[in-house]
Amino acid sequence: MTRRRSPMRVRLTALGYGVFYRLPHKLRMRLVRLATPKYTIGAVGLIFDSEAADPGRILLLRQPPGRGWTLPAGLLGRGETPLTGAVREIAEETGIELTPDQITPAVPSAVVHTNGKWVDTVFTVRVPAATTTLDVDGAEVFEAAWHAVDELPKLTPATARLLAIYGIGPLAS
């Protein structure tokens with residue numbers, strides 16, 4: 001069962017994201033760091049279509065400001081485990097309700113970004129795209145769509161770098 005947000009909440013959330021993403025990057029990062037622990041920890045979901053033939057399909061999102069496609073991801077709440085955070089973020093951003101036993105840590109399961117203050121915990125899941133209903137809110141996520149792994153759309157730089165670690169996308173060696 002998916003949670004429905006009221007139209008007013010969606011509009012306010014969209015307004016908040018619109019203002020936040022118009023701030024300079026350095027200011028946005030400072031605001032995030034004020035509200036989060038010393039190390040920023042995120043949870044990322046690599047969601048693959050279990051029915052697709054090789055090389056497969058992956059679920060990507062178009063989020064504000066909409067300059068490229070991303071993965072379902074977000075910051076962990078205080079005291080939240082990476083596994084719980086991944087399940088929550090996937091549900092919030094895609095509408096796919098999972099239980100913790102349905103997702104597995106990716107290999108590698110954590111990616112420390114070059115500045116050393118950002119760590120993404122990465123999880124994988126396989127779901128049948130044909131019978132999986134996607135539900136995005138229009139504020140935090142504009143669109144969710146399945147894409148062939150060998151024909152990805154324009155990705156955000158951070159997403160391209162992360163996917164390359166798993167041998168996916170334009171930066172994969």
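Every value quoted in this text rests on a predicted model; they were computed, and no experiment measured them. The chain is numbered in sequence order, starting from 1.
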Report task. Quick one: closest heavy-atom pair of I90 and P72, and the distance? Result -> CG1-CB, 4.4 Å

Query - Beyond-backbone contact of I58 with L71, side-chain heavy atoms, under 4.5 angstrom - result: yes

Query - Rounded distance (nearest 0.5 Å) linking atom CZ of R62 with atom OG1 of T70 - result: 10.0 Å

**Report entry** Transitive ILVMFWY side-chain link M8 to V19, under 4.5 Å
**Finding:** no

Report summary line: Between A73 and E93 the two heavy atoms that sit nearest each other are O-OE2, 2.8 Å

Query raised in the report: Can you find a pair of side-chain heavy atoms, one from V119 and one from T40, that are under 4.5 Å apart?
Result: no

Report task. Is it possible for you to say whether V111 and I168 belong to one hydrophobic cluster, with membership spreading through side-chain heavy-atom contacts below 4.5 Å? Result -> yes

Query raised in the report: Out of curiosity, E89 CD to L76 CG, how far, rounded to the nearest 0.5 Å?
Result: 8.0 Å

Query raised in the report: Any chain of hydrophobic side-chain contacts (each under 4.5 Å) joining L155 to W118?
Result: no

Report all side-chain donor-acceptor pairs from residues 79-87 shorter than 3.5 Å, counting only partners two or more places apart or in another chain.
unit_1: E80; atom_1: OE1; unit_2: G77; atom_2: N; d: 2.8
unit_1: E80; atom_1: OE1; unit_2: R88; atom_2: NE; d: 3.4
unit_1: E80; atom_1: OE1; unit_2: R88; atom_2: NH2; d: 2.8
unit_1: E80; atom_1: OE2; unit_2: R88; atom_2: NE; d: 2.8
unit_1: T81; atom_1: OG1; unit_2: T84; atom_2: N; d: 3.1
unit_1: T81; atom_1: OG1; unit_2: T84; atom_2: OG1; d: 2.8

Report task. Report yes or no: do V149 and L60 belong to one cluster of Ile/Leu/Val/Met/Phe/Trp/Tyr joined by side chain heavy-atom distances under 4.5 Å? Result -> yes

Counting only pairs under 3.5 Å, give me each side-chain donor-acceptor contact of residues 42-53, with atom names and distances, residues two or more places apart or in other chains.
unit_1: D49; atom_1: OD1; unit_2: E51; atom_2: N; d: 2.9
unit_1: D49; atom_1: OD1; unit_2: A129; atom_2: N; d: 3.2
unit_1: D49; atom_1: OD2; unit_2: R57; atom_2: NE; d: 3.1
unit_1: D49; atom_1: OD2; unit_2: R57; atom_2: NH2; d: 3.0
unit_1: S50; atom_1: OG; unit_2: V127; atom_2: O; d: 3.3
unit_1: E51; atom_1: OE1; unit_2: A130; atom_2: N; d: 3.4

**Report entry** Pairs meeting criterion ring-ring contact (aromatic ring centres under 6.0 Å, His included) with involvement of residues 151-173, two or more places apart
**Finding:** none

Query raised in the report: Is Y17 reachable from V136 through a run of hydrophobic residues whose side-chain heavy atoms are each under 4.5 Å from the next?
Result: no

Requested in this report: Any chance you could measure T132, atom OG1, to L59, atom CG, to the nearest 0.5 Å?
Outcome: 9.0 Å

Query raised in the report: So, do V32 and L75 sit near enough that their side-chain heavy atoms are less than 4.5 Å apart?
Result: yes

**Report entry** Test side chain to side chain contact (heavy atoms under 4.5 Å, CB included) applied to H113 and D120, step by step
**Finding:** CA-CA 8 Å; H113 296 279; D120 278 326; 2.8 Å; yes

**Report entry** Donor-acceptor contact present, side-chain R30 to main-chain K26, <3.5 Å
**Finding:** no

Query raised in the report: Are any side-chain N or O atoms of D137 and backbone N or O atoms of A139, one a donor and one an acceptor, separated by less than 3.5 Å?
Result: yes

Query raised in the report: How many angstroms lie between OG1 in T159 and CG in L171, if you round to the nearest 0.5 Å?
Result: 10.5 Å

Requested in this report: Measure the CD-CD1 distance between Q102 and I96 for me, rounded to the nearest 0.5 Å.
Outcome: 10.0 Å

Query raised in the report: Can T104 and T124 be counted as having a side-chain donor-acceptor contact under 3.5 angstrom?
Result: yes

Query raised in the report: F142 versus L61: any side-chain heavy-atom pair under 4.5 Å?
Result: no

Query raised in the report: Is R28 atom CZ crowded by more than 12 heavy atoms from other residues, nucleotides or ligands, each under 6.0 Å away?
Result: yes

**Report entry** Inter-residue atom distance W69.CH2 - E143.CD, 0.5 Å rounding
**Finding:** 3.5 Å

Query raised in the report: Looking at side-chain heavy atoms only, is the closest gap between P108 and I165 below 4.5 Å?
Result: yes

